[in-house]
Number of protein chains: 2
Amino acid sequence: MSHKLQHEIKKKRPFDSQQEEALLNLLRTNELFQNQFIRLFRKYGLTASQYNVLRILRGEGKPLPSLEIADRMIHVVPAITGLIDRLEKARFVKRRRCEEDRRVVYVEITDEAISVLKQIDRPVKQLREKLLGHLTRSELRELIRLLEKARTPLLADPEF
Amino acid sequence: MSHKLQHEIKKKRPFDSQQEEALLNLLRTNELFQNQFIRLFRKYGLTASQYNVLRILRGEGKPLPSLEIADRMIHVVPAITGLIDRLEKARFVKRRRCEEDRRVVYVEITDEAISVLKQIDRPVKQLREKLLGHLTRSELRELIRLLEKARTPLLADPEF
DNA sequence: TATCAATACTTGTCATGTCAAGTATTTTTC
DNA sequence: GAAAAATACTTGACATGACAAGTATTGATA
C-alpha cells in the first residue's frame, strides 16, 4: 500500500502546489501521531491536554500560576481554567491562592499525579520510538530544522 | 529572537531525545499553522472542519453519503452528523435520503457554499504562500518526504 | 487619593471530537 | 421466510478549544 497522501485521502486531483501538499502532510501526520498519544494517555485516565499540564508542572518542580501554564501551552486562558477544574476534581492538582497577589492562583501537582506520570514515562518513550524510530538521526535533524524554519516568519512577525 | 522550540515554550532542560524534539516541533508547527487557517475561515463564517467538508464535496462534484465524508476526514461518524447539522442550518449543504437504500443520507453542497469557497480560494493560496513561501522547492520536497516516511509504519501496520 | 487601566482569572456560549447507546433499514443465515 | 447480524446514521453525555464578557485585585495617574 502506498503511503502517498493523495491516495490516503482519496484525493482525485494532484495537489495545487507543493505548499498545499506539505501543509496537508503536516496536518495528517500530526493527527495520526496525536491519536496514538491520546490512546496511550487514556489508559491512564488522562487526556493529552491534561498530560501536558502535568508535564509542565512536574518539569517546573514547583506550583505555577494559571497564566504561566496557559503561556506554555498553546491555549487561551479560559481553556486552562476548565482544564484545571477537571484535573482538580481528579485530584491531580490543587489550587492555592497567592497571598501576596490575591488575583493569582497557583496550581500544584499532587503526589498522585507524579506517580501516574512516572508510570507513563516509559510507554511514552516507547511510543516515540515506535513512531519515529525508523528515521535516521540526520533525517530527524533535518525534519526539526525544516519545521523550525517553517515557523520562523510566524514568530518573527507580530503582525501574524 | 530565537525560534528554537526549547526557548519558545520555556523548556528548562534540553529534550530527552531527538524524537521528542521532532514530535514537539511537529505539534507546535501544526498548531501555529492551523490557527492561521482557522482565523481566515472564520472571516467567512466557516470553521476548519466545515471548510474541509465543503472542499470534499466540491472536489467530488456530486453528493456524498455521510460515511464517505467521515472516511475522508479523520473523524468518527457522530462528529460528522453534528457538522452536517450545522452546515445545513447555515444553508451550506442539504441532506437527501437515498431512495435505493434508505439508511443512506446524501449530503449535497449548495450554490451558496460554492460561492463562498470561491471567495476563499485566493486567500487560502496566499496564506499557504505566507506560511511556506520562504522554503525552497527542495526544502518543501524534503519536508514532504520526511513526513511521508514518518507515517509509513502507521499505515503499513494495522496493529497501530 | 480617587479613578482608571491593567492583570489574573472565571463564567457562559458555541463548535467539535470522543464514546456508548439507540433507531431504522438492509443483508445473511439457518 | 423469520431471526440475527451488519450497516448507516442519530442522539446523548462529556472534554476541550475559541471568543466575549464579567469579577476581583493591584498598579498607575492625575
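Here is the naming used below: chain letters follow the sequence lines, and residue numbers restart at 1 for every chain. Model, not experiment: these values are computed from the prediction.
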Engineer: Between which nucleotides of DNA chain C, read 5' to 3', does contact with chain B run, using atoms under 4.0 Å from its heavy atoms?
Structural biologist: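 Range of nucleotides touched by chain B: C:dA15 to C:dT26.
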Engineer: Measuring only between side-chain heavy atoms, which start at C-beta, is B:V107 closer than 4.5 Å to B:I80?
Structural biologist: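 A side-chain contact is absent here, since even the closest heavy-atom pair is not under 4.5 Å.
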Engineer: At under 4.0 Å between heavy atoms, what does B:S66 touch on the DNA or RNA strands: base, sugar-phosphate, or nothing?
Structural biologist: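 Sugar-phosphate, backbone atoms only, no base.
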Engineer: For A:P65, which contact category applies under a 4.0 Å heavy-atom criterion: base, sugar-phosphate, or nothing?
Structural biologist: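 A:P65: backbone/sugar contact only, no base atoms under 4.0 Å.
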Engineer: What parts of residues 90-106 of chain B reach DNA chain D, counting only heavy atoms under 4.0 Å away?
Structural biologist: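 B:R95, B:R103, B:V104, B:V105, in order of number.
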Engineer: I'd like to check the side-chain hydrogen bond (donor to acceptor under 3.5 Å, both in side chains) partners of A:T29; sequence neighbours left out, ordered by chain and number.
Structural biologist: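 A:T29: side-chain hydrogen bond (donor to acceptor under 3.5 Å, both in side chains) contacts with B:R151.
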Engineer: Can you give me the closest heavy-atom contact between B:P63 and B:R96, atom names plus distance?
Structural biologist: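 B:P63 and B:R96 have their closest heavy atoms at CG-NH2, 4.0 Å.
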Engineer: Decide yes or no for B:L54 and B:V93: does some side-chain heavy atom of the first lie under 4.5 Å from some side-chain heavy atom of the second?
Structural biologist: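 Heavy-atom side-chain distance check passes, below 4.5 Å.
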Engineer: Not counting sequence neighbours, list each pair that qualifies as a ring-ring contact (aromatic ring centres under 6.0 Å, His included) and has a residue in residues 44-66 of chain B.
Structural biologist: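 Qualifying pairs: B:F41-B:Y51.
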Engineer: Remaining members of A:I38's ILVMFWY cluster at a side-chain heavy-atom cut-off under 4.5 Å?
Structural biologist: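 Joined to A:I38, directly or through intermediates: none.
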Engineer: Pick the closest DNA chain D nucleotide for B:I80 and for B:I38 by heavy atoms, then say which residue is nearer the 5' end.
Structural biologist: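 Its nucleotide being nearer the 5' end, the pick is B:I80.
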Engineer: Are the charged groups of B:R145 and A:E142 less than 4.0 angstrom apart, N to O?
Structural biologist: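 Judged by the 4.0 Å cut-off on N to carboxylate O distance, B:R145 and A:E142 do not form a salt bridge.
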Engineer: Are any protein N/O atoms closer than 3.5 Å to N/O atoms in nucleotides 13-17 of chain D? If there are, list each pair with its distance.
Structural biologist:
residue: D:dT16; atom: OP1; partner: A:T47; partner atom: OG1; Å: 2.4
residue: D:dT16; atom: OP1; partner: A:Q50; partner atom: NE2; Å: 3.3
residue: D:dT16; atom: OP2; partner: A:R86; partner atom: NE; Å: 2.0
residue: D:dT16; atom: OP2; partner: A:R86; partner atom: NH2; Å: 2.9
residue: D:dG17; atom: OP1; partner: A:S49; partner atom: OG; Å: 2.2
residue: D:dG17; atom: OP2; partner: A:S49; partner atom: OG; Å: 2.7

Engineer: Quick check on DNA chain C: between A:V77 and A:R42, whose nearest nucleotide comes earlier from the 5' end?
Structural biologist: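 It is A:V77 whose nearest nucleotide is closer to the 5' end.
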Engineer: Are A:L46 and A:I120 close enough that some pair of their side-chain heavy atoms sits under 4.5 Å apart?
Structural biologist: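 Yes, at least one pair of side-chain atoms sits under 4.5 Å.
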Engineer: Quick one, A:E108 with A:L57, criterion side-chain contact (heavy atoms from CB on, under 4.5 Å). Give me CA distance, side-chain angles, the key distance, then yes/no.
Structural biologist: CA-CA 7 Å; A:E108 183 179 10; A:L57 289 173; over 6 Å; no
Engineer: Looking at every heavy atom in both B:A150 and A:L132, which two are closest together, and how far apart are they?
Structural biologist: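 So the two residues come closest at CB-CD2, 4.2 Å.
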